[in-house]
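Notes for the one structure printed next.
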Amino acid sequence: MDFRRPEMFDFHGVQMTHYFTDNWEKVQNFRARPDDIVIATYPKAGTTWVSYILDLLHFRQTDPEREATVPIADRVPFLELFLPSLYTPGAEMADALPTTPRIIKTHLPVQFIPKTFWEQNCRIVYVARNAKDNVVSYFHFEGIEKMQPEPGDWSSYLQRFKDGKMVYGSWYDHVRGWWEKKQTHSRIHYMFYEDLVENTGREIKRLSSFLGLSTSEDEKAKIREAVHFDVMKDNPLTNFADDVTLDAPVPQFMRKGKVGDWKNHFTVAQNEQFDEHYKQKMKNTTLQFKTEI
Ligand code: PPS
């Protein structure tokens with residue numbers, strides 16, 4: 001396989017790797033349709049989980065064949081992904097999606113979203129996850145994902161996270177940037193990983209209503225079952241079993257799916273320093289996260 005772990009570089013003020021910038025012109029010139037739905041997140045915030053919920057809300061009943069055969073990465077293409085030796089570029093896949101609506105995944109910070117999505121007034125679902133669990137999940141993922149830079153050791157990784165030297169840049173800027181945009185843009189549904197863990201049924205209901213759907217109670221219950229961590233972990237269509245860039249046996253993409261796993265990683269000192277730094281970075285915002293439930 002002709003790919004290797006990339007270097008990060010500064011891309012318009014955000015750390016990126018070439019796998020997500022090489023197709024920039026096509027991504028920026030993407031032509032959205034008004035009914036396209038975007039799922040946007042900082043990496044490891046619950047993208048796959050919410051992508052699957054959105055897909056099931058729209059297509060579980062009308063297209064059972066798709067439900068039984070099409071992997072999540074093909075149902076919900078990753079817009080800026082460009083690794084043509086292995087995958088059809090995300091922008092091409094998104095363009096060619098046969099469904100209505102098309103559901104499209106991105107990790108781009110708000111300032112990089114192609115303008116077509118604003119012009120077409122598309123619905124956007126943004127999922128945010130608390131910083132501590134997010135960095136832990138990202139750390140483990142980079143250990144196994146050969147398309148990402150080497151994570152190095154935990155304590156330097158945590159420092160890098162605080163400094164914003166991560167692929168897709170600063171978590172703080174990402175979650176805040178989208179939060180600020182949401183204040184003036186009604187077609188953004190800003191949701192939290194922790195809420196989804198705490199009450200999946202309630203969040204599915206909110207999503208259904210944001211999408212303008214009238215999903216029955218029975219259907220919502222079926223979706224809730226299908227998107228349970230253990231079920232998605234066992235489902236080869238959602239657990240990235242065939243992902244050739246993952247250097248690990250199947251279960252590791254679906255790692256733990258918990259709120260509060262950070263407690264198994266942060267030392268007391270790291271936690272205190274993190275909290276102090278967090279306070280500075282997150283002052284002057286109304287955005288609040290739960291780090292335990
Ligand atoms: S990616 O690669 O950025 O698209 O990853 P992403 O899907 O955003 O995030 C992966 C984390 O989400 C967890 N996950 C879930 N948690 C609870 N329930 C369900 N159904 C679920 N599906 C995915 C996954 O386990 C990763 O979190 P960690 O903490 O590493 O387990």
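Atoms within each ligand, like the ligands themselves, are counted from 1 in listed order.
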Between [X] and [Y], how do the two ring planes meet: parallel, tilted or perpendicular, split at 30° and 60°?
X	Y	answer
Phe141	Tyr138	tilted
Phe274	Phe266	perpendicular
Tyr126	Trp178	parallel

Thr285 side chain vs Met282 backbone, donor-acceptor pair below 3.5 Å:
no

Please walk me through it: do Lys222 and Glu219 pass salt bridge (Lys or Arg N to Asp or Glu O under 4.0 Å)?
CA-CA 5 Å; Lys222 289 199 171 106; Glu219 182 59 13; 5.3 Å; no

Carboxylate-amine/guanidinium contact Glu276 Lys279, below 4.0 Å
yes

Which pairs of N or O atoms, one from ligand 1 and one from the protein, are separated by less than 3.5 Å, and what is the distance for each pair?
| unit_1 | atom_1 | unit_2 | atom_2 | d |
| --- | --- | --- | --- | --- |
| ligand 1 | 2 (O) | Lys44 | NZ | 2.9 |
| ligand 1 | 3 (O) | Lys44 | N | 2.9 |
| ligand 1 | 3 (O) | His107 | NE2 | 3.2 |
| ligand 1 | 4 (O) | Thr47 | OG1 | 3.4 |
| ligand 1 | 4 (O) | Lys105 | NZ | 3.1 |
| ligand 1 | 5 (O) | Lys44 | NZ | 3.0 |
| ligand 1 | 7 (O) | Thr47 | N | 3.4 |
| ligand 1 | 7 (O) | Thr48 | N | 2.9 |
| ligand 1 | 7 (O) | Thr48 | OG1 | 2.5 |
| ligand 1 | 8 (O) | Lys44 | N | 3.3 |
| ligand 1 | 8 (O) | Ala45 | N | 3.2 |
| ligand 1 | 8 (O) | Gly46 | N | 3.0 |
| ligand 1 | 8 (O) | Thr47 | N | 2.8 |
| ligand 1 | 8 (O) | Thr47 | OG1 | 2.3 |
| ligand 1 | 16 (N) | Tyr193 | OH | 2.8 |
| ligand 1 | 20 (N) | Trp49 | NE1 | 3.2 |
| ligand 1 | 20 (N) | Val227 | O | 2.9 |
| ligand 1 | 25 (O) | Arg255 | N | 3.3 |
| ligand 1 | 27 (O) | Arg129 | NH1 | 3.2 |
| ligand 1 | 27 (O) | Ser137 | OG | 3.4 |
| ligand 1 | 29 (O) | Arg129 | NH1 | 3.3 |
| ligand 1 | 29 (O) | Arg129 | NH2 | 2.9 |
| ligand 1 | 29 (O) | Arg255 | NH2 | 3.1 |
| ligand 1 | 30 (O) | Ser137 | OG | 2.7 |
| ligand 1 | 30 (O) | Arg255 | NE | 2.8 |
| ligand 1 | 31 (O) | Lys256 | N | 2.6 |
| ligand 1 | 31 (O) | Gly257 | N | 2.8 |

